[in-house]
There are 4 protein chains.
Amino acid sequence: MVPLKLGMVGGGQGAFIGGVHRIAARIDGHWHLVAGALSSDPERATESAGELGLARSYTDYSEMARAEARHPDGIDAVAIVTPNHMHAGPVVAFLRAGIHVICDKPLAATPEQAHEIAAAAGDSTAMFFQTYNYTAYPLIRSARAMVADGQLGRIRVAQVEYAQDWLASEVSNKQADWRTDPAKSGAAGCVGDIGTHAFNLLCHVSGLKCTELAADLSTFVPERRLDDNGHVMLRFDGGAKGMLWSSQVAVGRENALSLRLYGDKGSLEWNQENPNLLRFTPFGAAPRLLTRGGPDQPEEGSHHLRTPPGHPEGYLEGFATLYTQAATRIRDARRGVTSSRNHIPNLQDGLAGMDFITACLDSNARNAAWVKLVPSDGSSMSDP
Amino acid sequence: MVPLKLGMVGGGQGAFIGGVHRIAARIDGHWHLVAGALSSDPERATESAGELGLARSYTDYSEMARAEARHPDGIDAVAIVTPNHMHAGPVVAFLRAGIHVICDKPLAATPEQAHEIAAAAGDSTAMFFQTYNYTAYPLIRSARAMVADGQLGRIRVAQVEYAQDWLASEVSNKQADWRTDPAKSGAAGCVGDIGTHAFNLLCHVSGLKCTELAADLSTFVPERRLDDNGHVMLRFDGGAKGMLWSSQVAVGRENALSLRLYGDKGSLEWNQENPNLLRFTPFGAAPRLLTRGGPDQPEEGSHHLRTPPGHPEGYLEGFATLYTQAATRIRDARRGVTSSRNHIPNLQDGLAGMDFITACLDSNARNAAWVKLVPSDGSSMSDP
Amino acid sequence: MVPLKLGMVGGGQGAFIGGVHRIAARIDGHWHLVAGALSSDPERATESAGELGLARSYTDYSEMARAEARHPDGIDAVAIVTPNHMHAGPVVAFLRAGIHVICDKPLAATPEQAHEIAAAAGDSTAMFFQTYNYTAYPLIRSARAMVADGQLGRIRVAQVEYAQDWLASEVSNKQADWRTDPAKSGAAGCVGDIGTHAFNLLCHVSGLKCTELAADLSTFVPERRLDDNGHVMLRFDGGAKGMLWSSQVAVGRENALSLRLYGDKGSLEWNQENPNLLRFTPFGAAPRLLTRGGPDQPEEGSHHLRTPPGHPEGYLEGFATLYTQAATRIRDARRGVTSSRNHIPNLQDGLAGMDFITACLDSNARNAAWVKLVPSDGSSMSDP
Amino acid sequence: MVPLKLGMVGGGQGAFIGGVHRIAARIDGHWHLVAGALSSDPERATESAGELGLARSYTDYSEMARAEARHPDGIDAVAIVTPNHMHAGPVVAFLRAGIHVICDKPLAATPEQAHEIAAAAGDSTAMFFQTYNYTAYPLIRSARAMVADGQLGRIRVAQVEYAQDWLASEVSNKQADWRTDPAKSGAAGCVGDIGTHAFNLLCHVSGLKCTELAADLSTFVPERRLDDNGHVMLRFDGGAKGMLWSSQVAVGRENALSLRLYGDKGSLEWNQENPNLLRFTPFGAAPRLLTRGGPDQPEEGSHHLRTPPGHPEGYLEGFATLYTQAATRIRDARRGVTSSRNHIPNLQDGLAGMDFITACLDSNARNAAWVKLVPSDGSSMSDP
């Protein structure tokens with residue numbers, strides 16, 4: 001099977017998430033990175049492209065979109081791995097050029113940018129994928145299917161948290177700088193950077209729709225301009241309640257994204273730092289430790305396994321699954337066949353994340369009062 | 001050393017916490033149970049007293065208080081282990097009779113009852129001890145001392161939760177019935193029964209004073225008349241923020257009281273279900289697993305050890321420590337010596353718990369709006 | 001119910017296990033300690049007895065046995081908590097006096113002493129209980145019943161280990177001194193002190209009979225005269241195989257007694273440091289986390305619960321269960337009723353432990369060659 | 001940087017480890033798979049090569065070795081991923097052709113084959129890499145460096161185990177069939193397949209040299225012709241002792257390779273199923289939880305990190321590191337520069353594994369008597 005051709009905007013020297021996307025694209029062999037506008041700095045762009053052996057290097061994403069669209073061997077999709085404020089420009093450019101887009105989260109730095117993207121997507125035949133990568137862990141797939149299958153009964157309580165400590169003191173480096181700069185990150189700090197992941201994961205697995213929230217955001221590190229800790233109470237359609245905690249000052253926690261769902265028939269508990277384990281308790285029975293690829297779980301959990309149980313897969317494999325699914329969607333679309341039912345995060349997820357950010361900022365500005373979430377449109381969270 | 005003489009109100013056949021108090025009183029040999037008004041039902045009271053081999057059995061606590069005060073070999077202290085609405089009556093009676101009181105939590109079923117108790121305590125020379133038993137685990141003692149010593153620096157975030165599942169469906173038994181009956185439990189259900197433990201533990205260890213809170217209480221089990229799940233956001237004096245989750249519908253969780261404190265210099269994480277382990281992370285260093293009686297912790301953690309590290313102590317031993325400390329206080333007071341600095345939960349803790357309940361109910365009644373906590377008096381949480 | 005009267009030999013000031021026995025005897029209220037020969041040093045014996053408020057203090061165990069047998073209010077049973085070499089003397093004396101014996105493990109310091117005890121027991125109407133306390137944890141009771149019920153199928157592999165580090169360097173204190181002195185501990189060090197616990201637990205839960213073993217014992221701490229680490233391979237009747245590791249130089253391990261049993265239908269895994277959890281995996285299914293008092297286990301696991309699930313019981317409660325069972329046996333015997341089927345470790349367990357020690361020493365002396373275990377008699381491990 | 005060109009022998013449709021090697025080779029982008037003799041069945045070889053988009057497909061490895069050596073764009077290295085009995089043939093062929101070899105473990109099915117390989121390697125300028133992949137986990141690198149640095153002091157006890165359950169009952173599939181067939185696997189079953197991994201890991205991290213061992217091997221599944229469980233006692237140069245347990249009938253265990261090392265100054269404990277955590281206890285201090293890429297560890301642990309701490313890397317990333325290191329060695333050799341000091345498993349490791357298998361079989365044949373390990377040559381385990 002001939003690999004698809006991938007382009008990349010952002011991800012030059014010193015970047016973090018660009019490298020992750022590149023490994024993710026390589027793991028299953030479905031993609032070949034051939035072109036990029038890796039940096040807005042021409043010299044760094046060229047150097048970075050050289051290191052990666054790219055066939056075509058650009059210093060301007062607009063030019064890249066135009067050129068690749070015309071190129072006989074042009075890219076099939078582009079990965080957008082720039083800081084938040086630099087998502088909308090390239091996303092819109094590539095969608096207009098009819099090139100599929102794989103975009104890092106959150107969707108954009110502002111609601112206005114999100115709307116531009118949504119408008120461009122509406123006008124384009126190209127697909128948009130949002131890399132809410134944590135949804136792609138096999139046990140998260142199992143969890144989602146178990147909820148959908150009714151194994152938890154009616155969900156009553158959803159607890160999600162995402163705790164890190166890398167911003168617990170004043171830090172200055174490429175990663176920290178843009179994330180704590182309102183001009184680049186948008187008006188949300190921690191709640192946008194990782195709170196959105198937590199919110200997305202909760203909604204993705206539980207199928208719950210958040211109807212209102214109350215958010216108390218804090219900035220603990222002196223001089224910091226954006227929130228570095230967020231406490232959010234959530235209410236869901238149908239009466240379920242939830243809590244979300246996102247923090248980048250939780251000393252001793254590296255990347256502790258955890259999800260716990262409690263229904264009237266059972267519960268699920270999962271932690272990203274040991275993603276190959278899922279604790280499932282049917283009400284009245286002993287907890288079961290479900291393992292990636294192991295017994296007692298729905299087949300959705302086994303769609304993208306590369307190794308047998310006990311041979312841990314990690315963050316990169318989860319990310320890779322999104323790239324593999326995107327490749328499948330693109331190929332299926334070309335052949336005119338209907339893609340499998342596996343969800344891959346898309347524009348609706350991206351917009352839902354923006355709505356969440358907006359609601360949190362709004363609530364926080366009003367002393368953590370309850371604010372309604374008005375979904376961007378009625379089809380939130382549904383499949384593309 | 002001659003054991004002190006203990007009386008008990010409540011704790012007859014079918015009771016849970018009465019039996020716990022009795023074992024706790026026995027473990028270290030400082031108490032001898034000699035008298036009781038174990039049930040308001042005369043027959044059951046007599047039968048229960050017979051089973052326990054009590055020297056004196058009463059059917060009325062007022063009579064018991066009067067008789068024991070006059071008895072030449074009268075009790076040194078009384079344990080009050082009745083349902084919440086039956087705390088104030090006996091507590092006041094025994095305090096007035098000059099007999100020390102060891103009372104289960106929460107302090108009372110209503111603020112009015114709490115005030116009666118406070119007034120009686122003010123007029124009495126007798127001491128009042130509130131069995132917030134989770135404070136007495138050795139590693140909780142270490143944790144409190146480490147915070148006081150500045151090892152966490154300035155605390156920024158406090159996450160506490162208490163999750164059970166025994167009320168996840170409609171249940172009817174002696175324990176469940178009174179806890180879900182407003183006439184016996186008071187206006188708070190889960191948030192009063194276990195939320196108070198969580199709140200007390202957070203304040204006890206962190207030394208933080210909660211200044212306002214927003215509480216979203218739920219009742220998930222149909223027909224239930226009191227809350228069975230509570231989500232609370234907390235703000236503390238000095239700018240720290242917190243979350244408290246108490247639930248009795250968290251399927252798969254038995255008695256999961258956990259506390260996590262994050263400061264600018266370090267963090268502490270502890271879970272009651274494995275109470276012999278405390279995770280301490282100095283900022284920038286690898287987490288340390290502190291063990292009960294083990295190395296790298298302050299001597300406060302070693303005041304009440306009965307077994308070496310690795311020989312697990314549990315719930316009953318923690319509870320026993322309160323009884324042992326109460327015995328020491330009583331003996332010290334008789335000898336006119338100053339007691340050790342070890343905190344034993346007292347009336348102030350009891351009143352703080354009532355303030356917490358009141359604030360939660362008030363907030364919840366106003367759509368989880370923020371409400372101020374006005375401490376019952378200025379000396380909240382200080383030692384007696 | 002009137003408590004039984006307990007005497008104690010050993011356990012004076014500075015002792016460890018004597019204090020454990022006393023708490024264990026108190027916890028459920030079935031025993032009252034009234035007499036003791038707490039130390040061979042007369043002054044310390046008197047002082048220790050005074051601190052404990054004993055009615056009668058002796059300086060000589062023989063005198064105590066005679067006197068208590070004649071005393072109208074004499075003790076019902078005696079606890080022997082002396083160092084190993086001082087077990088046989090008092091055990092024989094009390095058995096001859098017709099007084100029930102509760103003896104710490106191992107049975108004795110030498111095989112000869114063990115035989116003396118066995119002979120005396122054969123001639124006595126008194127009962128002998130051996131405090132292999134780890135057998136009394138509720139989940140160990142569940143595990144034993146599950147194995148007996150066939151839930152593991154035919155056991156193939158048994159892995160047991162007991163790792164401590166308190167003797168990892170040269171230590172000198174009352175506990176360490178006698179345990180590392182051949183004159184007091186016997187010819188076995190670590191393998192006798194804790195290896196016997198591991199071996200007993202394995203046999204108790206699995207029901208397997210060890211037929212031969214090969215033991216490689218080491219002494220790592222310079223100047224030490226007894227083994228401080230033992231590696232043992234085991235073969236069992238029926239073809240199962242096992243490994244036993246006992247160590248007192250395992251830096252970082254406090255009291256890590258763990259048992260793992262693998263059958264053709266399922267497995268069980270348990271660790272003493274978190275005794276309220278038992279991992280059960282039916283072949284082909286996800287592991288179940290069984291909790292003390294929780295669901296999905298046989299009723300044997302719920303015979304001696306003092307607290308609900310999630311309220312951890314520990315080392316002392318397990319120990320207390322042996323005292324409670326001993327009290328029941330004594331009362332049942334007096335009333336002429338048949339005791340329940342619950343196993344309480346007895347002389348056969350004690351002798352099996354001695355056989356294990358002898359075999360280990362023998363094997364080790366012959367370069368860890370395989371040696372047969374000839375059980376002391378045919379009824380090894382059976383109930384009294 | 002232009003990727004190196006990789007060939008593969010074995011790994012056609014239905015294979016497991018071939019797929020792992022291919023992903024491992026792709027992850028860091030240092031390799032491009034261009035040629036293969038993927039199956040001895042010509043049709044399957046062609047089909048498999050087509051699926052993978054190989055430039056050149058062979059049905060005979062000898063022909064492949066000759067052809068690639070002559071090809072102007074011939075492969076730089078070949079991966080040998082056939083069953084054990086098919087290692088020696090292709091390894092020798094490629095070494096003779098001067099093509100670097102990356103070979104799965106164990107080295108061969110028989111000592112004779114191992115010697116052929118060793119002879120061919122001695123005559124060749126090509127390098128030989130053995131994929132003892134577990135050595136490449138970052139925390140294993142940290143562990144090895146910590147031992148070398150003296151942080152454990154003198155190692156006394158080494159406990160290693162590798163427990164799986166996938167062969168706990170009769171199984172028939174491509175993976176199981178050759179592993180349980182003496183003609184393909186060699187005379188060792190489980191102890192060769194995974195016992196060698198355990199032994200290699202122990203030696204790699206501890207630096208200990210095993211001087212003698214006693215092995216008790218079992219075959220539990222009826223009709224099986226090779227061992228499926230092995231108990232081994234180990235003695236090391238300098239007096240350390242160890243135990244190794246390898247099992248493929250350990251119901252409930254998926255791929256539980258764990259290593260524990262106890263020295264007089266500290267200990268290390270690690271489990272492959274959660275490879276991003278390493279427990280380090282300095283004697284007398286609380287255990288530290290070292291995390292992949294986290295604080296308090298030597299820089300050797302950070303040589304091959306793809307993601308920040310808390311973003312779990314797994315089995316494939318560890319495997320990929322071997323491929324990346326092999327690429328570096330090959331490039332360094334071409335440029336005539338000295339490679340870094342990072343160990344990559346090599347022929348000596350392969351031969352040590354064969355010696356281990358031979359000794360185990362020999363001991364087992366003599367009722368688990370102690371047998372000496374005579375290392376294949378004096379430079380065992382040293383770097384190439």
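Just so you know, these numbers use all the heavy atoms, side chains as well, and skip hydrogens, waters and symmetry mates. Please read these numbers as outputs of a predicted model, since none were measured by experiment. Chain letters run A, B, ... following the sequence lines, proteins first and then strands; every chain starts at 1.
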Look at Val2(A), Asn276(A), Ile23(A), Leu289(A) and state which one has the largest set of heavy-atom pairs under 4.5 Å with chain D. Ile23(A)
As an exercise: rank Pro308(A), Ala24(A), Gly53(A) by heavy-atom pairs under 4.5 Å with chain D and give me the winner. Pro308(A)
Max heavy-atom pairs within cutoff under 4.5 Å with chain A, candidates Gly293(D), Pro295(D), Pro309(D), Pro3(D), goes to Pro309(D)
Out of Gly19(D), Gly29(D), Gly294(D), Gly50(D), which one racks up the most heavy-atom pairs below 4.5 Å with chain A? Gly29(D)
Straight-line distance of [X] [atom1] to [Y] [atom2], nearest 0.5 Å:
| X | Y | atom1 | atom2 | answer |
| --- | --- | --- | --- | --- |
| Ile17(A) | Thr307(D) | CD1 | OG1 | 10.0 Å |
| Arg22(D) | Arg306(A) | CZ | CZ | 14.0 Å |
| His32(A) | His32(D) | NE2 | NE2 | 7.0 Å |

Proximal component of Gln272(A), with respect to chain D [non-hydrogen, under 4.5 Å]: both
Part of Phe319(A) within contact of chain D (heavy atom distance under 4.5 Å): neither
Would you say that Glu317(A) contacts Glu317(D) through its side chain, given a criterion of any heavy-atom pair below 4.5 Å between the two side chains? yes
Quick one: does Pro312(A)'s side chain get under 4.5 Å of Pro275(D)'s, heavy atoms only? yes
What pair of heavy atoms forms the shortest contact from Arg26(A) to Ile27(D), and how long is it? NH2-O, 2.6 Å
Just wondering, more than 12 heavy atoms not from Glu43(A) lying within 6.0 Å of its CD? no
